[in-house]
Amino acid sequence: MRELSELLADSVDARARSVAGLRPDADDLNTIVRTVRRKRVVRRSLQTLAVIPIAGGLAVGGYLGLGALQSTQLDPAATPTVTSPAPAADPEPGALELGTLFSDEAGLPPHHGAPENLADHVGAGWTALIYKPVAAGDVSGVATEPTAHTILLATPESDLVRTADLDRALDVQLVHWDATSPKARVTWTGGSQVITVGWVDLLTGELEADGEQFENWAVFLGHSAAGAELWVEDPGAGETEATVWSIGPDGSRREIVSLSSQGAPRVDPSGRSLLTESSDPAGGFAVVDIESGELREVPFGTTGQTCAVVGWLDAVNVATLCHDPVSEEAAAALDRVDFVAQDAALYAVETVAGGEARLLHRFAEGQPVPEPWTGVRTENGVLAFVASTGFPQGCSAGVGTWDGVEPRTVLGAGEHGSNLFSIRPGGPSSVLVTSSQSCESSGVQSEVHSIDVTTGAAQLLTPWLESAPGDGVDYWHQSVIAAVTGQ
């Protein structure tokens, strides 16, 4: 079973590229962190997306017949007025009447039933959530079966609407949703495949598997400029390299590149390049041309400092974090890095003309400092990132943003002490953040926030599930397991 808290736990993989200069074995696709938290969190691959939405258009054409006018005898002195009929406008959908609020179902937050005209309203800005709650008792332990496996849709105002149930024997993960369609791209486990790729109808719950499947574990990366899906597949038995695939709208597959790094590459905002590790992660990173498969190594461009990748700033610049090296003893002990004392700074490294590094910001006391490889760029150009506590393989502090002027914290530990965070794209100016206490626990419920990166406002989409000791539920071992915002 792949819990969302487990997926969150895998985001700590990025910390192996720590600001203390420790070299990772891989990014968040595979198990990397094998020290303090190995005994506490079950490892799986992190599904980190860099999504470029696909937009569809509908064209309406008009026709005007002139036969009647041509056959009509007109007075030469008369000037007839010919009016072309306006195309009929699509009828406005009726108001969305949410109806009864259900608040007594174990393991699910308060939600509404699906109204008949729900499909007329669902679109960009809505968020799809999959709940698979598992109860736990202090004495009885973790339940063997979930209490539900269901789809909830969150409106832009955060109201939750329950639409369909899913097979409880499966674990379904949402990877992308083009909101012009009721179908979302998903993967699931629990069937005959290691992982199955397909679609789910968010209104009916119907699953449809692709005709061709991966042989090994695979992670969705995003879309290319040509609209093809990009996936990275784990190496098979006896192999050492991961494979990046392009899957066209017609299902055709093309191998882009094989990578010795087992991490999930990041797609640039234009959909033309992939960001991945280089052969020397301490010295720089690599960029892959999606069309040709050509891999080019780019140096960090600074000397005498320890550097790590944060993420894409735009289609040609990568954000990096650099600071003065810590002592070998401190690095070996995984001691906390004092970023201000170590002169930590954010740089923009140009990836096209040779890797020139440009200083963007030198961090001051109290400002959020990015963890390696956690940056997600929004369409309006803001970089969101997981904020570091300074411990190379420790828990996280929250979520920060860089808008080109100042870094700021937009989400912290919150009421329930979240210490592990995962970020994925949301709307044009928002990100979707999943958080939990999984850094120090093997299974706890998660929270999902939609964060406006312009204002910093955080909108909670998943109300906390309270315990019910009278029913033998002292806490919820698992709650929401997947979330994606319609693009």
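Hydrogens, waters and symmetry mates play no part in the numbers below; they use all other heavy atoms, side chains included.
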Side-chain touch [X]/[Y], heavy atoms, less than 4.5 angstrom:
{"X": "Ser273", "Y": "Thr351", "result": "no"}
{"X": "Thr243", "Y": "Ser258", "result": "yes"}
{"X": "Asn380", "Y": "Pro428", "result": "no"}

Between the main-chain N or O of [Y] and the side-chain N or O of [X], is there a donor-acceptor pair closer than 3.5 Å?
{"X": "Ser436", "Y": "Val444", "result": "no"}
{"X": "Ser181", "Y": "Asp178", "result": "no"}
{"X": "Asp474", "Y": "Asp138", "result": "yes"}
{"X": "Arg254", "Y": "Gly248", "result": "no"}
{"X": "Glu356", "Y": "Ala348", "result": "no"}

Could you pull out all residues at least two apart from [X] that satisfy ring pair (Phe, Tyr, Trp, His ring centres under 6.0 Å)?
{"X": "Trp126", "result": "none"}
{"X": "Trp199", "result": "none"}
{"X": "Trp177", "result": "none"}
{"X": "His361", "result": "Phe363, Trp402"}

Is there a donor-acceptor contact under 3.5 Å linking the side chains of Gln305 and Asp324? yes
Quick one about Trp231 and Glu229 (side-chain donor to acceptor, distance below 3.5 Å, no hydrogens or angles considered), yes or no? yes
Of all residues at least two apart in sequence or in a different chain, which pass the side-chain contact (heavy atoms from CB on, under 4.5 Å) check with Ser252? Asp250
So, using side-chain contact (heavy atoms from CB on, under 4.5 Å) as the criterion, who are the partners of Thr147 when residues are at least two apart? Pro133, Trp476
Return the set of residues passing salt bridge (charged side-chain N to carboxylate O under 4.0 Å, His left out) with Glu145 (not counting sequence neighbours), or none when no residue passes. none
Restricting to non-hydrogen atoms, name the atom on Gly205 and the atom on Ala164 that form the minimum distance, rounded to 0.1 Å.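 Gly205 and Ala164 have their closest heavy atoms at N-CB, 3.4 Å.
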Filter on salt bridge (Lys or Arg N to Asp or Glu O under 4.0 Å), then keep only pairs touching residues 203-215, sequence neighbours left out; what's left?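 Only Lys183-Glu208, Arg185-Asp210, Glu212-Arg253 qualify under salt bridge (Lys or Arg N to Asp or Glu O under 4.0 Å).
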By the salt bridge (Lys or Arg N to Asp or Glu O under 4.0 Å) test, which pairs, at least two apart or in different chains, include something from residues 289-305?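 Output for this query is empty, none listed.
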With sequence neighbours excluded, give me every side-chain hydrogen bond (donor to acceptor under 3.5 Å, both in side chains) pair touching residues 307-321.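 Those involving residues 307-321 are Asp314-Asn317.
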Leu207, Thr196, Leu170, Val175 screened by side-chain contact (heavy atoms from CB on, under 4.5 Å) with Val186, the one that passes: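 Among Leu207, Thr196, Leu170, Val175, the one meeting side-chain contact (heavy atoms from CB on, under 4.5 Å) with Val186 is Leu207.
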Under the side-chain hydrogen bond (donor to acceptor under 3.5 Å, both in side chains) test, residues paired with Thr485 that sit two or more places apart: Thr127
Would you please name every residue forming a side-chain hydrogen bond (donor to acceptor under 3.5 Å, both in side chains) with Asp403, sequence neighbours left out?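 Once residues adjacent in sequence are excluded, Asp403 has no partner under the side-chain hydrogen bond (donor to acceptor under 3.5 Å, both in side chains) criterion.
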Verify salt bridge (Lys or Arg N to Asp or Glu O under 4.0 Å) between Arg162 and Asp165, making sure each step is shown before the conclusion. CA-CA 9 Å; Arg162 186 176 183 177; Asp165 291 333; 2.8 Å; yes
